[in-house]
Amino acid sequence: MALQNFDMNYGAQFGSLWPSIRIGLLSEQKYGALVNNFSHVGRISQDLRSLNAVDFVYESQKAALHVPWDSPVEQVRSEETAPEETRNEQLSVEKTQTPPLLSTSISPNIKCYTFSRGNISRFPPSRPDTSGILGYYLLDAASLLPVLVLNVQPGDLVLDLCAAPGGKTLALLQTGCCRQLAANDISASRVSRLRKVLDSYVPKAVGSNVRLTSWDGRNWGELERDTYNRVLVDVPCTTDRHSVMEEDNNIFHRLRMKERQMLPMLQMQLLLAGLLAAQPGGEVVYSTCSLSQLQNECVVERAVELAEIQFNISVHVEDLSYFRSVFQDTFSFFKDCRLGELVLPHLTANFGPMYFCKLRREQ
Ligand code: SAM
C-alpha cells in the first residue's frame with residue numbers, strides 16, 4: 001500500500017529522481033554514531049575513527065570554511081592525557097573547537113560519526129563505560145540536521161514538542177546549551193522509552209534540567225505561550241522508510257486510513273502550537289521523515305498563514321541554502337524545495353528522508 005501510494009505521488013513529485021529515491025528507501029539505511037559528550041569523548045571518538053568513520057559535523061564545517069584548524073587527532077591526544085574527573089571540563093574545551101563563523105548559526109558541540117559515501121559498513125552497538133553511561137547513540141545521521149539548524153545558544157530555554165523516543169532530545173542535550181529542556185510526547189509509553197534513553201546517556205545532574213511531559217502538543221499555545229527561545233517540532237508523519245519496510249505499526253494499514261489522512265492537519269496544529277510557544281524572536285524548526293510535499297512545505301505554508309490571520313504573529317521562513325551547502329558532501333539534498341530542505345535517500349548516502357524548515361517568530 002505504501003509503495004503504491006508513493007509510486008503515484010512521489011513519481012509525480014520527483015519525476016526522474018523517483019526511481020533512485022525508491023531504491024534507496026528499499027535498501028539498508030545508513031546510520032550515524034552520535035557521540036555522547038557525557039561519556040569518554042576522546043576514547044569513543046578514537047574508537048569510531050579506527051573504524052574509518054569521520055565526524056561529519058566537524059568535517060563539513062571545516063571544509064566549508066576552508067581554514068586550517070586543530071585536527072581531531074590532536075584534540076583526542078590532549079583529552080587522553082587528562083585525568084578522568086576532568087572530562088566535563090574537556091567538554092567546554094571542545095566547545096572552543098567549533099568552527100568560528102558557522103558557530104553562530106549551527107547548534108554547537110554535536111559530534112556524529114558516519115562512514116563516507118559509498119561505504120556501507122555498520123557500527124557495532126555501543127557499550128556502557130564504568131559508570132554505566134553509553135558512549136554513542138545510533139541514529140539516522142540526517143535526523144541531526146533539524147537539531148543542528150535549530151542553532152541552540154548557551155542559556156536557551158528549549159522545547160522538544162514531539163520528543164520520543166528521544167534521538168533529537170539527546171542531541172539537544174549534547175550542545176550543553178539548554179538552560180532548561182522541556183521534552184514532551186503525547187504517548188506515555190514512548191515517554192518511558194525516552195526516560196530510559198536519558199538514563200542510559202546523561203548523568204542525573206543533566207537529566208534534572210529536562211522536564212518530561214506527556215501532553216497533547218497541540219495545546220502548548222495555551223499551556224506556555226511566548227516562552228521558549230528554541231522549539232523543535234518533529235511531527236508524526238508517514239515515516240516513509242519505515243512504511244515501505246515494516247508491517248508493524250504501519251500507517252498505511254487500511255485501519256489507519258483516517259489517521260493518515262488527518263496527518264497534515266495534526267502536523268499543522270503542532271507547528272502552530274510550537275510557534276505560539278516560542279518567544280518573539282525565537283526560532284522554531286519543523287521536521288518530518290517523509291518526502292511528502294503535503295506534510296512538508298504545505299504544512300509550513302498553512303501554519304505561517306494561520307499564525308498571521310488568527311494570532312497576528314508574523315513568521316519569517318529562513319533560507320537554508322547555506323546549510324545545505326555545508327552538508328552536501330554527506331547527504332543527498334533535493335535541490336527544488338520551495339521552503340526548507342529535504343534529504344533524499346540515495347544508494348551512496350542512504351540517509352533520510354528528512355525534511356526540515358526553520359522559522360523565526362517576528363513578534
Ligand atoms: N523527535 C523524536 C526523536 O527524534 O526521537 C521522534 C518523534 S516522532 C517522529 C513523532 C512523535 O510525535 C511520536 O512519538 C508521537 O507519539 C508524537 N505525537 C503524536 N501526536 C502528538 C501530539 N498531539 N502531541 C505531542 N506528541 C505527539
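In listed order, ligands and their atoms are each counted from 1. From a predicted model like this one, the values you see are computed outputs, not experimental measurements.
L17 and Y355 fall within a single hydrophobic cluster, where Ile, Leu, Val, Met, Phe, Trp and Tyr are joined by side-chain heavy atoms under 4.5 Å apart, directly or via other members.
Every atom of ligand 1 with a heavy atom of G166 under 4.0 Å away is listed here by number and element: 3 (C), 5 (O). Here is the list of ligand 1 atoms found below 4.0 Å of a heavy atom in N184: 25 (C). Atoms of ligand 1 found under 4.0 Å from any heavy atom of L161, numbered from 1 in the order shown, are 25 (C). Within ligand 1, counting atoms from 1 as listed, the ones closer than 4.0 Å to a heavy atom of D216 are 22 (C), 23 (N), 24 (N). Numbered from 1 in the order shown, with element, the atoms of ligand 1 that lie under 4.0 Å from a heavy atom of W215 read 24 (N), 25 (C). Close approach of ligand 1 to P165 is summarised as follows: ligand atoms under 4.0 Å from at least one heavy atom of the residue are 5 (O). Close approach of ligand 1 to G167 (heavy-atom distance below 4.0 Å) involves ligand atoms 3 (C), 4 (O), 5 (O).
Counting heavy atoms closer than 4.0 Å to ligand 1, residue A163 contributes backbone atoms (N, CA, C, O) but none from C-beta onward.
In this structure, P236 is part of the shell of residues with a heavy atom less than 4.0 angstrom from ligand 1. Under a 4.0 Å heavy-atom criterion, L270 is in contact with ligand 1. Look at V235 and you'll find a heavy atom under 4.0 Å from some atom of ligand 1.
Residue nearest to atom 26 (N) of ligand 1, selected from D234, V197, I186, L263: I186 (by heavy-atom distance).
Salt-bridge check for R122 with E28: passed, with a basic side-chain N closer than 4.0 Å to an acidic carboxylate O. Here E246 does not pair with R241 in a salt bridge; the nearest charged N to carboxylate O distance is not below 4.0 Å. Classification of D55 and K111 as a salt-bridged pair fails, no side-chain N sitting under 4.0 Å from a carboxylate O. At a threshold of 4.0 Å, the pair R360-E283 does not count as salt-bridged, since none of the basic side-chain nitrogens sits closer than that to a carboxylate oxygen. With salt bridges taken as basic N to acidic carboxylate O contacts below 4.0 Å, none links D140 and K30.
Aromatic ring centres of F356 and Y286: separated by at least 6.0 Å.
The protein atom (non-hydrogen) at minimum distance from atom 7 (C) of ligand 1 is A164 O, 3.1 Å. In terms of protein heavy atoms, atom 16 (O) of ligand 1 is closest to D185 OD1, 2.6 Å. Atom 12 (O) of ligand 1 has C162 CB, 3.3 Å as its closest protein atom, hydrogens excluded (heavy atom only).
Taking the six-membered ring where tryptophan is involved, the planes of F333 and F331 are perpendicular, since the angle between them exceeds 60° and thus also 30°. Aromatic ring orientation, F327 versus F323: tilted (interplanar angle from 30° to 60°).
In terms of polar-atom proximity, S187 is not counted as a contact of ligand 1, lacking any N or O under 3.5 Å from an N or O of the ligand. Among the atoms of G217, some N or O lies under 3.5 angstrom from an N or O of ligand 1. Where the criterion is an N or O separation shorter than 3.5 Å, residue side chain and backbone included, K168 meets it with respect to ligand 1.
Side-chain polar atoms of S290 and S292 form no donor-acceptor pair below 3.5 angstrom. One side chain, N184 or T213, offers a donor N or O that lies under 3.5 Å from an acceptor on the other.
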